[in-house]
Amino acid sequence: MLKIPINLDPDRVPDFFDYLVVKIESQGKWKGEGSFNESNQYIEKLYLSLSQKGYKDGQIVLTVIWNQDGTIEPIIIEKNGNLPDGWEQLANDLIREALVATVNYKREKYFCRYTYAYIGPPLDGEYYISGFRVAPAVFPDDDQWLIDERIIYIDLYEKGIDKMHAQAIGKVRAEQIVALLSVFLGIGIYSIPPERRWVLQDGKSCKRCQLGYFDSKPVPTKMPKKGEVCPLGHTAKVDRNKFDSLSMKKGLLFPNDIRTLFRCYYNLSPEKSKAYIGAASLFRISLTAGKYYPTVAMSYQIAAMDALVIGKEHNQKAFQELIQEFCPEAPAEFTSEIYGKIRSSHFHQGSLPGGEYEIMMIRPLRGPHFLMRFNLQREIFLISHTVLIRWLLKHGHC
């Protein structure tokens, strides 16, 4: 049995295991198990079956004990079964090489592509913004139905120990980009869920099919050049002083201040950046999960604005002051009403003021109720979208 101390600060421990995992995966197959002990330490065992000659009758067992402060105890290395002489040195080398790599922090840059979807008009073309590319997967012969699902690519470069590691890091960045785009474009962008659903076929039959999108073209190994795959997208002129949303007609265009908006986000202080990406994530949820649940859409848009209340207690007064500052077009009594009667009543009492349990029939002489319900949803969307954009422009100093 070997015990190898890992003298790293807690914030460097994850880096060490990133390198160690790559080393382990290059050696053979593995399986693992983990549980907490009475001292609330997490004990993880990894059984490594090496593909090298002479190692088929045994395994190298690594035991890692995680402390609550993020440090780890010396790694215990044992054997399970019969292994040839020299297995201790091989295991020791794996750990030492990972430690050296952690200290040197050597990483390579890889091209990464991520697939997302949204419901709405087709994207007008490709856009290159702040180190990443957004482009339609299908161009230009995509149908013009507004209820169609569209596929877009987020392309970027990311550094990692290997391609898989870079892809995992880049996915986090892509998720943040998608959250911001959901605000800037006013559309809900999502990952296609790995589900099988029933699909109508010519209105006469149905079939259960796997959701997903397959592109027969190989994934590029580097960022496509501008105009190489599809034309550059146009931009739509916007006036952020006006209380209005981005207009979408036959195609989805980026606003002409899209680069300014991203620059503002990157200019934010860490505290404000964290608050804004949280608000953007809530807004994105409002447009995806809230697509079929009006109460969810409204509540999460209200919560997105509330997330921008920094350094104050989150209450109705602070919420109302935020909206009056960044969207004075909204009536004061309206903002106080939506905070209590929609957001709070939904989150704390389970109420559904969006009308999910109300009869919905498209028939004549239904009265003003349905129009009022629709107008409420649209007004909350406009107010929240306006607040999120104007807040960013002010605090990002753009």
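For reference, positions follow the sequence shown, starting with 1. Everything quoted here is computed from the prediction, not taken from an experiment.
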Please walk me through it: do Lys45 and Thr63 pass side chain to side chain donor-acceptor pair (under 3.5 Å)?
-> CA-CA 5 Å; Lys45 284 184 177 290; Thr63 302; 3.0 Å; yes
Return yes when atom CG of Asp69 has more than 12 non-hydrogen atoms of other residues, nucleotides or ligands closer than 6.0 Å, and no otherwise.
->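 Above 12, so yes.
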If you draw a 6.0 Å radius around CG in Asn256, do more than 12 non-hydrogen atoms from other residues or ligands fall strictly inside?
->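 Counting neighbours around CG of Asn256, more than 12 heavy atoms of other residues, nucleotides or ligands fall under 6.0 Å, so yes.
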Among residues at least two apart in sequence or on other chains, which ones pass salt bridge (charged side-chain N to carboxylate O under 4.0 Å, His left out) with [X]?
X      : value
Lys291 : none
Glu73  : none
Glu379 : none
Asp124 : none

Are the side chains of [Y] and [X] in contact, using a 4.5 Å heavy-atom criterion?
X      : Y      : value
Leu392 : Arg240 : no
Val64  : Ile76  : no
Pro255 : Leu185 : yes
Pro224 : Asp155 : yes
Arg173 : Leu156 : yes
Leu62  : Tyr47  : no
Thr235 : Asp257 : no
Ile189 : Glu175 : no

With a 3.5 Å cut-off and sequence neighbours excluded, list the donor-acceptor pairs that the side chains of residues 201-214 form with protein atoms.
| residue | atom | partner | partner atom | Å |
| --- | --- | --- | --- | --- |
| Gln210 | NE2 | Glu195 | O | 3.4 |

Got a sec, which pairs hit side chain to side chain donor-acceptor pair (under 3.5 Å) with one end in residues 219-233, sequence neighbours left out?
->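 Qualifying pairs: none.
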For the residue pair Trp391 and Tyr276, does the interplanar ring angle fall in the parallel (under 30°), tilted (30 to 60°) or perpendicular (over 60°) class?
->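 Correct class here is parallel.
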Do the ring planes of Phe262 and Phe132 sit parallel (below 30°), tilted (30 to 60°) or perpendicular (above 60°)?
->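 Perpendicular.
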Worked check of salt bridge (Lys or Arg N to Asp or Glu O under 4.0 Å) between Lys79 and Asp57 | CA-CA 11 Å; Lys79 72 172 182 176; Asp57 296 327; over 6 Å; no
Over-ring placement of Arg113 relative to Tyr153, 6.0 Å and 45° cut-offs |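 Output yes; distance and angle both within limits.
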Basic-acidic side-chain contact under 4.0 Å: Glu158, Lys109 |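 Result for this pair is no, no salt bridge flagged.
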Ring pair (Phe, Tyr, Trp, His ring centres under 6.0 Å) pairs, two or more places apart, involving residues 6-25 |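 Every pair satisfying ring pair (Phe, Tyr, Trp, His ring centres under 6.0 Å) with a residue in residues 6-25: Phe17-Trp66.
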If you group Ile, Leu, Val, Met, Phe, Trp and Tyr by side-chain heavy-atom gaps below 4.5 Å, do Ile383 and Leu393 land in one group?
->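 Both belong to a single hydrophobic cluster.
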Any pair with a residue in residues 107-137 that passes disulfide bond (SG atoms under 2.5 Å apart), sequence neighbours left out, goes on the list, sorted by first then second residue, please.
->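 Qualifying pairs, neighbours excluded: none.
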Under the disulfide bond (SG atoms under 2.5 Å apart) rule, what pairs show up with a residue in residues 260-308, not counting sequence neighbours?
->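 Non-adjacent pairs meeting disulfide bond (SG atoms under 2.5 Å apart): Cys264-Cys398.
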Could you note down all residue pairs passing salt bridge (charged side-chain N to carboxylate O under 4.0 Å, His left out) where residues 387-398 supplies at least one of them, sequence neighbours left out?
->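 Sorted result for residues 387-398: Glu325-Lys394, Glu329-Arg390.
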For Tyr116, enumerate each residue passing the ring pair (Phe, Tyr, Trp, His ring centres under 6.0 Å) test, keeping only those at least two apart in sequence or located in another chain.
->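 Partners of Tyr116 by the ring pair (Phe, Tyr, Trp, His ring centres under 6.0 Å) criterion come out as none, since no residue qualifies.
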Tell me which donor-acceptor pairs under 3.5 Å the side chains of residues 90-98 have, and how far apart each pair is, sequence neighbours excluded?
| residue | atom | partner | partner atom | Å |
| --- | --- | --- | --- | --- |
| Asp93 | OD1 | Gln89 | NE2 | 2.8 |
| Glu97 | OE1 | Lys23 | NZ | 3.2 |

Examine distances only and state if a side-chain atom of Asp9 and a backbone atom of Arg12 form a donor-acceptor pair shorter than 3.5 Å.
->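 No.
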